[in-house]
**Student:** 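Below are the structure tokens for one structure; questions will follow.
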Amino acid sequence: MKCALVTGGSRGIGRAICVKLSAMGYYVLINYKSNTAEAENTLQSINSNGELLQFDVADKEQIKQALGGWLGNNSDKHIEVLINNAGIREDSLMAWMNDEHWDNVIKTNLDSFFYVTRLVLDGMMQNRYGRIVNIVSLSGLKGLPGQTNYSAAKAGVIGATKALAQEVGRSGITVNAVAPGFIKTDMTDGLDERELRKHIPANRFGTAEEVAHVAGFLASAEAAYVTGQVVSVNGGLY
């Protein structure tokens, strides 16, 4: 059975990507941390063509137990697509940023890429096929004030994307990143859209579905010659 794992799949961009991958024929593993109700909603939105996989991507032991356990118990299923989407923001100017703000964001956004991807990569290399798509951010490309921690984490994933793409290209595995700009999700609820859209050539915030369409293409067989790339979905904002 062809499977796709989406971390942070219970809401927002993650949910939209789950729906997209299900429509592409994948059995979707919906990772979530704690909001079971929203995760169940995502599962219903893909007509139960998948299952829930609960673990905190910031905790390497939970990753090992939950994801490692699933891999060990499901040898008949192959994770062909990995979407590293889970992420958090804890914004603060660096002068006032405490250790917890830094550690939480780095663990959730950057460390998770390493621990989740390393587990899934072995099966992809054995099958000589895989698609890894990392959801990064405009913040990781240009840096945004108040987001030193978030910018550092996302920039780290961008660098890792380009390096890993070179390591596994001969094994039929592509590794790419999608960098959303301002997208209508829970993470942008507190932002002043009317003011910010003045700086966006498209004059609006994007939708989670627009990000999912790009991620879906990069996860497809048709994207076999696209690797090590960062695709911006930002309405022209740079």
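Keep in mind that the numbers below use all heavy atoms, side chains included, and drop hydrogens, waters and symmetry copies.
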**Student:** Applying salt bridge (charged side-chain N to carboxylate O under 4.0 Å, His left out), name anything that partners Lys107, two or more places apart in sequence or on another chain.
**Tutor:**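 In terms of salt bridge (charged side-chain N to carboxylate O under 4.0 Å, His left out), with neighbours along the sequence ignored, Lys107 is linked to no residue.
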
**Student:** Listed by chain and number, what are the salt bridge (charged side-chain N to carboxylate O under 4.0 Å, His left out) partners of Glu193, not counting sequence neighbours?
**Tutor:**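 Testing Glu193 for salt bridge (charged side-chain N to carboxylate O under 4.0 Å, His left out), a comparison that skips the adjacent residues, returns Lys184.
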
**Student:** Determine whether Thr148 and Tyr150 make a side-chain contact, defined as any pair of heavy atoms from C-beta on separated by less than 4.5 Å.
**Tutor:**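 No, too far: nothing below the 4.5 Å cut-off.
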
**Student:** Is it the case that Asn134 and Thr161 place a side-chain donor and acceptor less than 3.5 Å from each other?
**Tutor:**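 Side-chain D/A pair, Asn134 to Thr161: present.
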
**Student:** Under a 4.5 Å side-chain heavy-atom rule over Ile, Leu, Val, Met, Phe, Trp and Tyr, are Val28 and Met24 clustered together?
**Tutor:**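 Yes; tracing contacts between hydrophobic side chains, which count when under 4.5 Å, links both residues.
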
**Student:** How close do Thr7 and Asn85 get, heavy atom to heavy atom, and via which atoms?
**Tutor:**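 Closest approach of Thr7 to Asn85, heavy atoms only: OG1-N, 2.8 Å.
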
**Student:** How would you list, by chain and number, every residue that makes a side-chain hydrogen bond (donor to acceptor under 3.5 Å, both in side chains) with Ser137, sequence neighbours excluded?
**Tutor:**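 Not a single residue meets the side-chain hydrogen bond (donor to acceptor under 3.5 Å, both in side chains) criterion with Ser137.
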
**Student:** Measuring from Glu38:CD to Lys33:NZ, what's the distance to the nearest 0.5 Å?
**Tutor:**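 Between atom CD of Glu38 and atom NZ of Lys33 there are 15.5 Å.
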
**Student:** Test of understanding: with side-chain hydrogen bond (donor to acceptor under 3.5 Å, both in side chains), list the residues that count as partners of Lys162, not counting sequence neighbours.
**Tutor:**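 For Lys162 there are no side-chain hydrogen bond (donor to acceptor under 3.5 Å, both in side chains) partners, ignoring immediate neighbours.
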
**Student:** According to salt bridge (charged side-chain N to carboxylate O under 4.0 Å, His left out), who are the partners of Glu90, at least two apart in sequence or on a separate chain?
**Tutor:**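 Partners of Glu90 under the salt bridge (charged side-chain N to carboxylate O under 4.0 Å, His left out) test: none.
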
**Student:** Between Arg204 and Arg197, is any pair of side-chain heavy atoms under 4.5 Å apart?
**Tutor:**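 Sidechains of Arg197 and Arg204: no contact.
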
**Student:** Report yes if some heavy atom in the side chain of Phe113 is under 4.5 Å from a heavy atom in the side chain of Leu164; otherwise report no.
**Tutor:**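 Yes, their side chains come closer than 4.5 Å.
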
**Student:** Evaluate whether atom NZ of Lys60 has more than 12 neighbouring non-hydrogen atoms of other residues, nucleotides or ligands under 6.0 angstrom away.
**Tutor:**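 Counting other residues, nucleotides and ligands, NZ of Lys60 stays at 12 neighbours or fewer.
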
**Student:** More than 12 heavy atoms of other residues, nucleotides or ligands under 6.0 Å from CG of Asp99: is that the case?
**Tutor:**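 Atom CG in Asp99 is not packed in, count stays at 12 or less.
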
**Student:** Taking all heavy atoms of Ala86 and all of Asn109, pick out the closest pair and write down the distance.
**Tutor:**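 What the structure gives for the nearest pair is O-OD1, 4.1 Å.
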
**Student:** Would you say Leu67 and Leu53 make side-chain contact, with heavy atoms under 4.5 Å?
**Tutor:**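 Yes. Closest side-chain heavy atoms under 4.5 Å.
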
**Student:** Give the minimum heavy-atom separation between Val57 and Thr108, together with the two atoms involved.
**Tutor:**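 Looks like CG2-O, 3.8 Å.
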
**Student:** For Arg131, give me all partners under salt bridge (charged side-chain N to carboxylate O under 4.0 Å, His left out), at least two apart in sequence or on another chain.
**Tutor:**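 Partners of Arg131 by the salt bridge (charged side-chain N to carboxylate O under 4.0 Å, His left out) criterion come out as none, since no residue qualifies.
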
**Student:** With ring pair (Phe, Tyr, Trp, His ring centres under 6.0 Å) as the rule and sequence neighbours excluded, what pairs involving residues 68-95 come up?
**Tutor:**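 Not a single pair qualifies under ring pair (Phe, Tyr, Trp, His ring centres under 6.0 Å).
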
**Student:** Output the distance between atom SG (Cys3) and atom CG (Leu71), rounded to the nearest 0.5 Å.
**Tutor:**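 Spacing of SG (Cys3) from CG (Leu71) equals 9.5 Å.
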
**Student:** Share the residues that join Met94 in a hydrophobic cluster, the rule being Ile, Leu, Val, Met, Phe, Trp or Tyr side chains under 4.5 Å apart at the heavy-atom level.
**Tutor:**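 Reading the cluster by chain and number, Met94 sits alone, since nothing else belongs.
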
**Student:** Please determine whether a side-chain nitrogen of the Lys or Arg among Glu80 and Arg128 lies less than 4.0 Å from a carboxylate oxygen of the Asp or Glu.
**Tutor:**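 Salt bridge absent between Glu80 and Arg128.
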
**Student:** Going from CZ on Phe114 to CG on Leu119, what distance comes out if it is rounded to the nearest 0.5 angstrom?
**Tutor:**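 Spacing of CZ (Phe114) from CG (Leu119) equals 9.5 Å.
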
**Student:** Could you check whether any side-chain N or O of Asp192 sits under 3.5 Å from a backbone N or O of Arg194, counting only pairs where one atom can act as donor and the other as acceptor?
**Tutor:**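 Yes; at least one donor-acceptor contact below 3.5 Å.
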
**Student:** Please examine the side chains of Thr185 and Thr207, heavy atoms only from C-beta on, and report whether any two atoms are closer than 4.5 Å.
**Tutor:**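 No - every pair of side-chain heavy atoms lies 4.5 Å or more apart.
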
**Student:** State which residues pass side-chain hydrogen bond (donor to acceptor under 3.5 Å, both in side chains) with Ser220; sequence neighbours excluded, sorted by chain then number.
**Tutor:**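 Scan of Ser220 (side-chain hydrogen bond (donor to acceptor under 3.5 Å, both in side chains), adjacent residues dropped) gives Glu222.
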
**Student:** Look only at the side chain of Ser151 and the backbone of Gln147, and say whether a donor-acceptor pair between them is shorter than 3.5 Å.
**Tutor:**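 Flag set: sc Ser151 to bb Gln147 pair under 3.5 Å.
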
**Student:** Shortest non-hydrogen contact from Cys18 to Ile30?
**Tutor:**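 Distance-wise, the nearest heavy atoms are SG-CG1, 4.0 Å.
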
**Student:** Ser92 versus His101: any side-chain heavy-atom pair under 4.5 Å?
**Tutor:**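 A side-chain contact under 4.5 Å exists here.
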
**Student:** Side-chain heavy atoms under 4.5 angstrom apart, residues restricted to Ile, Leu, Val, Met, Phe, Trp, Tyr: same cluster for Met124 and Met1?
**Tutor:**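 Yes, because Met124 and Met1 connect within a single hydrophobic cluster, where side-chain heavy atoms sit under 4.5 Å apart.
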
**Student:** Mind checking whether Leu237 and Val178 sit in one hydrophobic cluster, side chains of I, L, V, M, F, W, Y counted as touching below 4.5 Å?
**Tutor:**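 No, Leu237 and Val178 fall in different hydrophobic clusters.
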
**Student:** Are Val6 and Ile79 connected into the same hydrophobic cluster when the rule is that any two of I, L, V, M, F, W, Y join if their side-chain heavy atoms are below 4.5 Å apart?
**Tutor:**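 They do not share one cluster, since no chain of ILVMFWY contacts under 4.5 Å joins Ile79 to Val6.
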
**Student:** Please tabulate, one pair per line, all N/O donor-acceptor pairs under 3.5 Å involving side-chain atoms of residues 167-177, not counting sequence neighbours.
**Tutor:**
residue, atom, partner, partner atom, Å
Asn176, OD1, Gly228, N, 3.2
Asn176, OD1, Gln229, N, 3.0
Asn176, ND2, Val226, O, 2.8

**Student:** Any side-chain heavy atom of Ser232 sitting closer than 4.5 Å to one from Leu138?
**Tutor:**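 Ser232 vs Leu138: side chains apart.
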
**Student:** So, does Asn234 use its side chain to make a donor-acceptor pair with the main chain of Gly236 at under 3.5 Å?
**Tutor:**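 Confirmed, Asn234 side chain pairs with Gly236 backbone.
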
**Student:** With sequence neighbours excluded, what pairs up with Glu40 under the side-chain hydrogen bond (donor to acceptor under 3.5 Å, both in side chains) test?
**Tutor:**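 None.
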
**Student:** Mind checking the CG-CG spacing from Asp103 to Asn149? Nearest 0.5 Å is all I need.
**Tutor:**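 If we round to the nearest 0.5 Å, Asp103:CG and Asn149:CG are 10.0 Å apart.
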
**Student:** Which atom pair, heavy atoms only, marks the closest approach of Ile183 to Pro180?
**Tutor:**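 Nearest heavy atoms, Ile183 then Pro180: CG1-CB, 3.6 Å.
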
**Student:** Return the CE to CG distance between Met125 and Asn127, rounded to the nearest 0.5 Å.
**Tutor:**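 So the CE of Met125 and the CG of Asn127 are separated by 11.5 Å.
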
**Student:** Measuring from Ile106:CD1 to Lys154:NZ, what's the distance to the nearest 0.5 Å?
**Tutor:**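 Spacing of CD1 (Ile106) from NZ (Lys154) equals 10.5 Å.
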
**Student:** Taking atom types as modelled, find out whether Thr117 and Asn84 have a side-chain donor-acceptor pair closer than 3.5 angstrom.
**Tutor:**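 Yes, Asn84 and Thr117 have a side-chain donor paired with an acceptor closer than 3.5 Å.
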
**Student:** Quick test of your reading: applying ring pair (Phe, Tyr, Trp, His ring centres under 6.0 Å), list the pairs with at least one residue in residues 181-233, sequence neighbours left out, ordered by first then second residue.
**Tutor:**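 Pairs touching residues 181-233 that pass the test: Phe182-Phe205.
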
**Student:** Could you tell me if Lys64 sits above the aromatic ring of Tyr115, with its cationic atom closer than 6.0 Å to the ring centre and no more than 45 degrees from the axis?
**Tutor:**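 No, Lys64 and Tyr115 do not form such a contact.
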
**Student:** State yes or no: do Ile17 and Val120 share one hydrophobic cluster built from I, L, V, M, F, W and Y residues joined by side-chain heavy-atom distances below 4.5 Å, directly or via other members?
**Tutor:**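 Looking at the clustering, Val120 is in a separate group from Ile17.
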
**Student:** Take Thr42 and Ser10 through the side chain to side chain donor-acceptor pair (under 3.5 Å) test and state the conclusion after the steps.
**Tutor:** CA-CA 6 Å; Thr42 301; Ser10 64; 5.6 Å; no

**Student:** With heavy-atom distances below 4.5 Å as the criterion, would you say the side chains of Leu43 and Glu51 are in contact?
**Tutor:**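 No, their side chains stay 4.5 Å or more apart.
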
**Student:** Taking all non-hydrogen atoms of both residues, which atom of Phe55 and which atom of Asn31 are closest, and how far apart?
**Tutor:**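 Taking every non-hydrogen atom into account, O-ND2, 3.1 Å.
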
**Student:** Say whether, by atom type as modelled, one donor and one acceptor occur between the side chain of Asp59 and the main chain of Glu61 under 3.5 angstrom.
**Tutor:**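 Yes, because the side chain of Asp59 sits within donor-acceptor range (under 3.5 Å) of the backbone of Glu61.
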
